[in-house]
There are 2 protein chains.
Amino acid sequence: MVSNGSECRRLVKIGTLAQLAGVSTDTLRFYEKNGLLAPCSRNAAGYRLYSAREVQRIRFILSAKSVGFTLKEIHELLALEVRREQASCEDVKQLVDEKISVVRQRIAELQRIQGSLQILSDACCGGDEPASHCTILEALNAGPDERLATEE
Amino acid sequence: MVSNGSECRRLVKIGTLAQLAGVSTDTLRFYEKNGLLAPCSRNAAGYRLYSAREVQRIRFILSAKSVGFTLKEIHELLALEVRREQASCEDVKQLVDEKISVVRQRIAELQRIQGSLQILSDACCGGDEPASHCTILEALNAGPDERLATEE
DNA sequence: CTTGACTTTGGAGTAGACTCCAGGGTTTAT
DNA sequence: ATAAACCCTGGAGTCTACTCCAAAGTCAAG
């Protein structure tokens, strides 16, 4: 189970990386084909070998994916690279700042949804309000005002 | 204040709703076919008619979609409905609370990404740090904990 | 040395979420 | 009253992101 070869320098094969990341080997090859995740090297037999860096990379990919970034967008994020001495620095900064505002917007959307779900949850069983009926749309409508001011 | 049964004053046709929401009419019909958004009625010619309620609904759908919910998940969110007097209340509450934790997790992911992008942005041109090179992965690393424990 | 788990490539198939017709009927502005 | 603009249905096509072979090479244990 645990590889003993101390010569291995922590390089892992595709199956191990797949298990670490919780995806299939097919998915890893698919990501490679699409330029998201290349093995750092191959062994004599042509087996893909991955280092800790790639473990980190696949985790980032999955994290970004879980919040709705497309593979193309993730590719862009991963390609972002600041080199202070280069003239392109300003361009990169602008790009990054655009991404930041996208992310902020998404966080705001999620917070709205979370708030509505909280109202929905509070309206249920626990509260003393006369609400006998509530959906997420009505909760969204109720918004920050109008209703419970109960803070945690 | 009190909205009566017939809110039929301002019914719009599919093209108008599409424009309001910034999607195509095809998309609206697609959502209808998948149970996400039905017109509140049809006119004599069979044209779909939508009320303010549906405007709100499509906006919620798009908002949820933009943060990575699938149409199936959105369907579930929209189906969430609390009726205090019903026995199902506890079940619904549990479901809602599960959704809340999913949303919280996504917010946390996005905040991590945002933090990394901010580091990336700060590393660029403005900062006084000796960083001559920075990627989002390195920014992620630098972020909360300096290092991830590689479990093995 | 054999067995079985693992890896390779390439290519086909699938689910989700649209997107784009074709061939018709309806509404509206001039 | 007629053309432009809109709407209808049904079905085919597209794109993304996998997922699943098949045929063959590699490796570790017994």
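Here is how names work: the chains are called A, B, and so on, in the same order as the sequence lines, proteins then strands, and each is numbered from 1.
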Rounded distance (Å) that lies between atom P of dA17(D) and atom CZ of Phe69(A):
13 Å
NA contact type, Thr70(B), heavy-atom cut-off 4.0 Å: base, sugar-phosphate, or nothing?
sugar-phosphate
Ignoring backbone atoms, establish whether Thr27(A) has a side-chain N or O less than 4.0 Å from OP1 or OP2 of dT19(D).
yes
Please pick, from dC27(D), dC8(D), dC18(D), the nucleotide with the shortest atom-to-atom distance to any side-chain atom of Ala45(A).
dC27(D)
Tell me whether the side-chain N/O atoms of Tyr31(A) come closer than 4.0 Å to OP1 or OP2 in dC18(D).
yes
d(NZ, Lys13(B); C1', dC8(D)) in whole Å
12 Å
Check this for me, if you would: do Arg57(B) and Glu32(B) make a salt bridge, where the nitrogen-to-carboxylate-oxygen distance has to be below 4.0 angstrom?
no
OP1 or OP2 of dC18(D) less than 4.0 angstrom from a side-chain nitrogen or oxygen of Lys65(A), does that happen here?
yes
Rounded to whole Å, NZ of Lys72(B) lies from C1' of dC18(C) at a distance of 19 Å
Looking only at the side chain of Asp26(B) (C-beta and beyond, no hydrogens), which of the listed nucleotides dC20(C), dC27(D), dT27(C) gets closest?
dC20(C)
Atom-pair distance (NZ on Lys33(B); P on dT9(D)), nearest Å
11 Å
Among the nucleotides dT9(C), dC8(D), dA17(C), whichever has the atom closest to the side chain of Ile14(B) is dC8(D)
Rounded to whole Å, please give me the gap between OH in Tyr47(B) and P in dA5(D).
14 Å
Atom CG of Leu28(A) and atom P of dA17(D) are separated, to the nearest Å, by 16 Å
Tell me if a side-chain donor or acceptor on Gln94(B) pairs with a main-chain N or O of Asp91(B) at a distance below 3.5 Å.
no
What is the nucleic acid contact for Arg48(A), judged by heavy atoms within less than 4.0 Å: base, sugar-phosphate only, or nothing?
sugar-phosphate
Among dC8(D), dT7(C), dC18(D), find the nucleotide with the atom closest to the side chain of Leu71(A).
dC18(D)
Considering just the side-chain nitrogens and oxygens of Arg29(B), establish if one lies under 4.0 Å of OP1 or OP2 belonging to dG11(D).
no
Strictly by modelled atom types, are Gln19(B) and Thr16(B) linked by a side-chain donor-acceptor pair under 3.5 Å?
no
Of Gly46(A) and Phe30(B), the one whose closest DNA chain C nucleotide lies more 5'
Gly46(A)
Distance check needed: dG25(C) P versus Arg42(B) CZ, whole Å only.
17 Å
Given Ile107(B), which partner from the list Arg106(A), Gln114(A), Glu109(A) fulfils the side chain to side chain contact (heavy atoms under 4.5 Å, CB included) test?
Gln114(A)
Answer yes if the side chains of Thr27(A) and Ser24(A) hold a donor-acceptor pair under 3.5 Å, and no otherwise.
yes
Expressed in angstrom and rounded to an integer, what is the separation of Leu11(B) atom CG from dC6(D) atom C1'?
17 Å
